[in-house]
Amino acid sequence: MTTTYSGAPTGADHRLSMDELAAVVAGDIPAGAFVNLGIGQPTKIANHLPAGSGVVLHTENGMLNMGPKAEGDAVDPDLTNAGKVPVTELPGAAYFHHADSFAMMRGGHLDVCVLGAYQVAFDGDLANWHTGKPDDIPAVGGAMDLAIGAKDVYVMMTLFTRSGEPKLVPKCTYPLTGVGCVSRVYTDCGVFDVGPDGVRIRETYGVGAHELAERLGITPP
Amino acid sequence: MTTTYSGAPTGADHRLSMDELAAVVAGDIPAGAFVNLGIGQPTKIANHLPAGSGVVLHTENGMLNMGPKAEGDAVDPDLTNAGKVPVTELPGAAYFHHADSFAMMRGGHLDVCVLGAYQVAFDGDLANWHTGKPDDIPAVGGAMDLAIGAKDVYVMMTLFTRSGEPKLVPKCTYPLTGVGCVSRVYTDCGVFDVGPDGVRIRETYGVGAHELAERLGITPP
Amino acid sequence: MSRAEILESADAAVAGIEDGSTVLVGGFGLAGMPFDLIDALIRQGAKDLTIVSNNAGNGDVGLAALLAAGRVRKVLCSFPRQADSWVFDGLYRAGKIELEVVPQGNLAERMRAAGAGIGAFYCPTAVGTPLAEGKEEREIDGRKYLLEYPIKGDYALIGAHVADGLGNLVYRKTARNFGPVMATAATTTIVQVDEIVEPGTLDPEAVVTPSIYVDRVVQVAARHYTVQGAR
Amino acid sequence: MSRAEILESADAAVAGIEDGSTVLVGGFGLAGMPFDLIDALIRQGAKDLTIVSNNAGNGDVGLAALLAAGRVRKVLCSFPRQADSWVFDGLYRAGKIELEVVPQGNLAERMRAAGAGIGAFYCPTAVGTPLAEGKEEREIDGRKYLLEYPIKGDYALIGAHVADGLGNLVYRKTARNFGPVMATAATTTIVQVDEIVEPGTLDPEAVVTPSIYVDRVVQVAARHYTVQGAR
């Protein structure tokens, strides 16, 4: 596998907070796109989509044109997102059952899906469903369906674990969610393209591209 | 294959008209059954279902609880049966698309389907879609889906061709629509059970069971 | 991707359909048939088309007119032979058009598979018949099945009843037929409707085709056609 | 077959469910969960059940209570591990319950296949992952797929919003989730609804589950449950 890096531009002089990172991802989502935002950090992206972007949010439990989190009297136990958090509906919404919802995903009709991850490999392999620890109860939910479904699968995560291990790696050590499915990785330290041609640093935050490449084991072309 | 006949009762002293036969079939359809009536003669059965039978008619172009043929102002080009004849809707109707409609059929949810036929074999093979003549343009429509779909597939036809050839035969010579799919055959001359155990005469009209068995080549057990 | 375009004319709606395209055409007989889009396609001129539709044209209008104009190389359909399918009959007997006969339910399910990302499926329909020729057969749980592959379209032309400004669709009665599956199975789905309303007008519980499947919408004048002879 | 029975109580609705049955249970978290039917099933006493549901119970109610009562031999679900899945977690770690983890979309599609008479289908989900183990892989048009088989239920217990007297159903918002597919995949489908209306009241264009899929219906009191902690 080829791994490349160039003198990628420094996009910010500090590591991004997850909110700042959500804004970066939101800025890369094309106007009018159909998007699924995975449970956890990726849901924050919705808060940063510009007004009038026309981005339509899909939630795999059966809805298009999902609105923001429901508050107060708007909370309806029959209307939740995939994380089981109460949400609202926007004008032009549509409900459908689970087989139709996942057909929509598996059939490649969504433009972008943004997921969290334990690990992403330079070639786009994704691990985000199972730590693989023997006492861990496996639970996959829609992770594997999401991983292979959208036209573009983005990952949003911190680049390093709390103990400092890189989560963008030459090869995943955690059990895989999908093979070669991720095209871009957004992290607090930088943004990366991944895939069959290997990894490329697009932008860095609070760290130089050369230093980042070295820490991740990305070798120059 | 075993073929059996017994001294089947004579149900009428004359060959039945197609309308009389439709009444016989209607009498055998259980109350509350979900039924698909094929194009042509079988559609007449609807006229003989007793009031309050609760039989629900399915039309494979996407409707349950289809009502009678539409007349006059009730004609709506958007509401037809599978024969493209304008029909009406009954209270409790539901519309669905073609994939859902054929899933309903293929999934074995219909109780009874009544079809016309060129030939039925003693073991339940059905030929009703193609004469097999070289200059004939093949056209199958929903025939093969209907043949394998319902819990019980009945055939309604004249027992003999205009030139006197039996249409209930030891083995079909016309191209098959489905294998071993028919369970009962209603004809102007009698009613037959067919299937893996062979053919059995249930009832005859205007002809004795022995004479009928002889004409059809049904040998005693 | 992205919100459906609302176009001013059927001609604008069918712009860009390339020669050699596979075009899914909705309708069962006349119900749901997108006549205005087909007429526009005839004017547009794309040729060497593969048409996927339940029938192969009735009378001299719609699909029959497209066939008569010599634009169609091949038809995949369940029921080409009808009392009024003289245009197709003539072309077929003259060897000027290819035909693949597909059972009606398989036609629908194969397009559904295309839209749903299913690679292939085992289907019990047509086992033991001439239409099983060349297909892989497998026994599962004591029943025989044939392996069927998806049918994907470059374009779908469908008729619906009402669209909202985002492209969500509802249909009318049995005119729904193939529209919803074809919308999922084509790269570009083009829809003619009787009416376009504001987003938020359609009941979200009753939307049949969600906007994600719809690329272009055009409102057309009320359909006028006779029902007689539509067999 | 035949028109749905309208029953007076949830207990009457679940009568006859045999030991060893496979029971499809609707709901995604709490939305659409048929709590009254599950409570009645606990009272009814059937044991050695295989449960197919998206989750494996939340808190101490519903499915979790059925599990706690020791009635469940095996669970097929996509997401057993949740913040409040302590009942399942305990049973699983004690080796007292079997688990088959199925990706959420495959769970839905496998039940759809059961309802639609599809023998098996090639699905791209989970290729190259631990969940591909033991499954047949095939490359079609350059993409890899796994062969997936139908999941059929003896019974389905689902929650819907309104039924008409024939058994036609509509749902509410995302509580629709697995209900419509489970209704097609079970031999006997049992539904709890908020309201039963006369046939002809529901819009035929908006019926989600046609009456043919519904065997027993019971109207239950308004659902009261909290949303907090439902992850």
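Predicted model only: the values in this text are computed from it and were never measured. Naming convention: chains lettered A, B, ... in sequence-line order (proteins, then strands); numbering from 1 in each chain.
Separating the CZ atom in D:Arg138 from the CG atom in C:Leu147 is a distance of 5.5 Å, to the nearest 0.5 Å. To the nearest 0.5 angstrom, D:Tyr145 atom OH is 13.0 Å from C:Phe121 atom CZ.
Heavy atoms only, all atoms of each residue included: D:Ile140 and C:Ala120 are closest at CD1-CB, 3.9 Å. The shortest heavy-atom contact between C:Ala206 and D:Ala206 is CB-CB, 3.8 Å.
Interface remark: of the candidates D:Arg143, D:Glu136, D:Glu148, D:Glu136 forms the most heavy-atom pairs closer than 4.5 Å to chain C.
With salt bridges taken as basic N to acidic carboxylate O contacts below 4.0 Å, one links C:Arg176 and D:Glu205.
In this structure, the side chains of C:Tyr122 and D:Tyr149 stay at 4.5 Å or more apart for every pair of heavy atoms.
For chain C, the nearby part of D:Glu109 is the side chain; its heavy atoms alone come within less than 4.5 Å. Neither the backbone nor the side chain of C:Lys144 has a heavy atom closer than 4.5 Å to any heavy atom of chain D.
Other residues, nucleotides and ligands contribute at most 12 non-hydrogen atoms within 6.0 Å of the CD atom of C:Glu198. Surrounding NZ of D:Lys47 are at most 12 heavy atoms belonging to other residues, nucleotides or ligands under 6.0 Å away.
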